[in-house]
Amino acid sequence: MKEYECRYYQRLDDGAVECQLCPHHCRIADGKAGICRSRRNHSGRLISEVYAKPCALAIDPIEKKPLYHFHPGTTCLSIACTGCNFRCLNCQNHDISQTSPDQTEHYSLSPEEVVWLCLKHHCPGIAYTYTEPLTYIEYITEIAELAHKAGLWNILVTAGYICQKPLADLLPHLDAANIDLKSFSDSIYRRVSGGHLQPVLDTILAMRDASIWIELTNLIIPGVNDNPQMIRQMCRWLSSNRLDGTPLHFSRFFPRYKMQDIQPTPVQTLIDARQIAYDEGIKLVYLGNL
């Protein structure tokens, strides 16, 4: 398959390029890739090294995303490509998200073939998931356009770390999203994931304004983001931004990747978080990974 040139970048005078997809704004020298590993500078052109090369395909219940209030009881075709623009120390899919495309086995599937697969298996929607789908935004946009024409839903499972212009281009093609709100602390975002909090909040608000069905996931890690006051601040922010009716999933942590020395989240911690959310006006609260 021929090289696929990315959108959202600027050529620089020294042969480097600046990727303008996410808030990292990676300055990428010739032959090098950005933080996501999947967008590489080829002689002054930013190329997607994962376009039409998914590394994972599965048919999942929609509740697995998790989406509990968007067509429950249905299935979706889940698809992922290699790469992520975060570096989460607890990543549960690090074998495909924290590696380079040339180190991962993949399929060769055009957007048309993805939609055909979805229809063949009688799935009413496609979920872009497992890694960070925003890093292959060109691929999912083309799939999503065809999916809508075929009467299929488009579901984004994301950490939400993206600039507003590419997000605005993508939103008309989405129907639902689960956004991973990792904590309500910028310092924790920087330390654990290598990013910032505010762009994620901006993504949540943009999706709200675009009438995308949103559900939020907050993985509670002992000693990292389990502070009750911080959870309360997060829930207050949601309520004050007209998101009190947005389903909130508190998820239990288990040792993963570079956080093998932290014990699983006590169940009582999740129960307490749920009560805090209820106290702050959040109407739909669920506990996951129990």
Side-chain angles (χ1 to χ4, degrees), residues 60-74 76 86 88-93 127 129-130 155-161 176-189 191-193 195 197-205 207-208 211-257 259 261-290:
D60 290 325
I62 202 163
E63 289 84 358
K64 187 179 176 181
K65 297 301 103 187
L67 289 172
Y68 284 8
H69 291 266
F70 183 80
H71 301 286
T74 61
C76 52
F86 272 167
C88 297
L89 301 178
N90 60 299
C91 182
Q92 65 177 1
N93 289 326
T129 182
Y130 301 146
I155 300 161
L156 190 72
V157 182
T158 178
Y161 205 61
N178 185 289
I179 305 168
D180 190 4
L181 182 53
K182 297 179 182 295
S183 75
F184 210 67
S185 162
D186 190 72
S187 63
I188 292 174
Y189 257 89
R191 175 164 57 91
V192 176
S193 301
L197 169 62
Q198 189 59 51
V200 180
L201 300 182
D202 293 342
T203 294
I204 293 171
L205 296 179
M207 288 192 177
R208 178 205 65 185
S211 299
I212 307 299
W213 178 256
I214 306 168
E215 302 196 21
L216 301 172
T217 296
N218 178 228
L219 177 73
I220 298 182
I221 306 173
V224 177
N225 64 343
D226 59 347
N227 180 282
Q229 186 55 37
M230 184 173 65
I231 293 172
R232 188 173 300 277
Q233 290 172 350
M234 178 183 71
C235 294
R236 284 180 179 171
W237 181 87
L238 294 173
S239 291
S240 66
N241 283 280
R242 297 184 284 113
L243 292 161
D244 51 299
T246 298
L248 175 59
H249 302 258
F250 288 115
S251 192
R252 191 182 187 201
F253 165 86
F254 287 93
R256 291 288 189 276
Y257 194 35
M259 282 190 169
D261 56 340
I262 298 179
Q263 293 299 307
T265 313
V267 173
Q268 188 61 47
T269 299
L270 273 71
I271 294 172
D272 293 343
R274 179 173 60 188
Q275 187 58 54
I276 290 171
Y278 284 148
D279 291 345
E280 295 301 329
I282 307 300
K283 298 178 176 66
L284 300 167
V285 188
Y286 302 97
L287 306 184
N289 282 355
L290 291 180

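Residue I282 comes nearest to L243 through the heavy atom pair CD1-O, 4.4 Å, listed as atom of the first residue, atom of the second, then distance. In plain terms, the two heavy atoms of R208 and N241 that are nearest each other are NH1-O, 2.8 Å. The minimum heavy-atom distance linking V285 with A277 is given by the pair CG2-CB, 3.7 Å. The shortest non-hydrogen separation linking I62 to C76 is CA-SG, 4.3 Å. A pairwise comparison of heavy atoms in S185 and L197 identifies N-CD2, 3.9 Å as the closest pair. For the pair L67 and I155, the tightest heavy-atom approach, listed with the atom from each and the gap, is CD1-CG2, 3.4 Å.
In this structure, L238 and L216 have side chains that are in contact, with non-hydrogen atoms separated by less than 4.5 Å. Counting heavy atoms from C-beta outward, T129 and T158 have side chains that stay 4.5 Å or more apart. Put simply, the side chain of D272 reaches to within 4.5 Å of the side chain of Q268, judged on heavy atoms. Considering only heavy atoms from C-beta on, I276 comes within 4.5 Å of P228 through its side chain. Contact check for H249 versus N178: side-chain heavy atoms found under the 4.5 Å cut-off. When side chains are defined from C-beta on, P61 counts as touching K64, because their heavy atoms get closer than 4.5 Å.
Between the S193 side chain and the G195 main chain, no donor and acceptor come within less than 3.5 Å of each other. Remark: side-chain polar atoms of Q233 are not paired, donor with acceptor, to backbone N or O of F184 under 3.5 angstrom. Judged purely by atom type and a 3.5 angstrom limit, T74 uses its side chain to pair as donor or acceptor with the backbone of H71. Between the N225 side chain and the S183 main chain, no donor and acceptor come within less than 3.5 Å of each other. R191 places no side-chain N or O within 3.5 Å of a backbone atom of V224 that could act as its donor or acceptor partner. No side-chain donor-acceptor contact under 3.5 Å links T269 to the backbone of T265.
Between the side chains of S251 and N289, a donor-acceptor pair is found at a separation under 3.5 Å. Side-chain atoms of Y257 and N93 include no donor-acceptor pair closer than 3.5 Å.
Within the model, atoms CD of E280 and CG of D244 stand 11.5 Å from one another, a figure rounded to the nearest 0.5 Å. Interatomic distance, CZ of R252 versus CD1 of I221, reported as 13.5 Å (0.5 Å rounding). Distance check, rounded to the nearest 0.5 Å: CE of M230 to CG of N218 gives 7.5 Å. With rounding to the nearest 0.5 angstrom, the CD1 atom of I179 is 8.0 Å from the CG atom of L156. Taken to the nearest 0.5 Å, the CG atom of L284 stands 8.0 Å off from the CD atom of E215. Here the CZ-OG1 distance, from F250 to T217, works out to 10.5 Å after rounding to the nearest 0.5 Å.
Taking the six-membered ring where tryptophan is involved, the planes of W213 and H69 are tilted, since the angle between them lies from 30° to 60°. Ring planes of Y286 and Y68: perpendicular class, angle over 60° (limits at 30 and 60°).
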Side chain to side chain contact (heavy atoms under 4.5 Å, CB included) between I220 and F253, intermediate numbers included: CA-CA 6 Å; I220 298 182; F253 165 86; over 6 Å; no
Evaluate the side chain to side chain contact (heavy atoms under 4.5 Å, CB included) criterion for residues D186 and Q198: first the C-alpha distance (whole Å), next the side-chain angles of each, then the deciding distance (0.1 Å), finally the verdict. CA-CA 8 Å; D186 190 72; Q198 189 59 51; 5.8 Å; no
May I have the step-by-step check of side chain to side chain contact (heavy atoms under 4.5 Å, CB included) for I188 and K182, ending in yes or no? CA-CA 9 Å; I188 292 174; K182 297 179 182 295; over 6 Å; no
Would you check, one step at a time, whether the test side chain to side chain contact (heavy atoms under 4.5 Å, CB included) holds for K65 with F70? CA-CA 10 Å; K65 297 301 103 187; F70 183 80; over 6 Å; no
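Contacts of D226 classified as salt bridge (Lys or Arg N to Asp or Glu O under 4.0 Å), with partners at least two apart in sequence or in another chain: none. With sequence neighbours excluded, no residue forms a ring-ring contact (aromatic ring centres under 6.0 Å, His included) with Y278.
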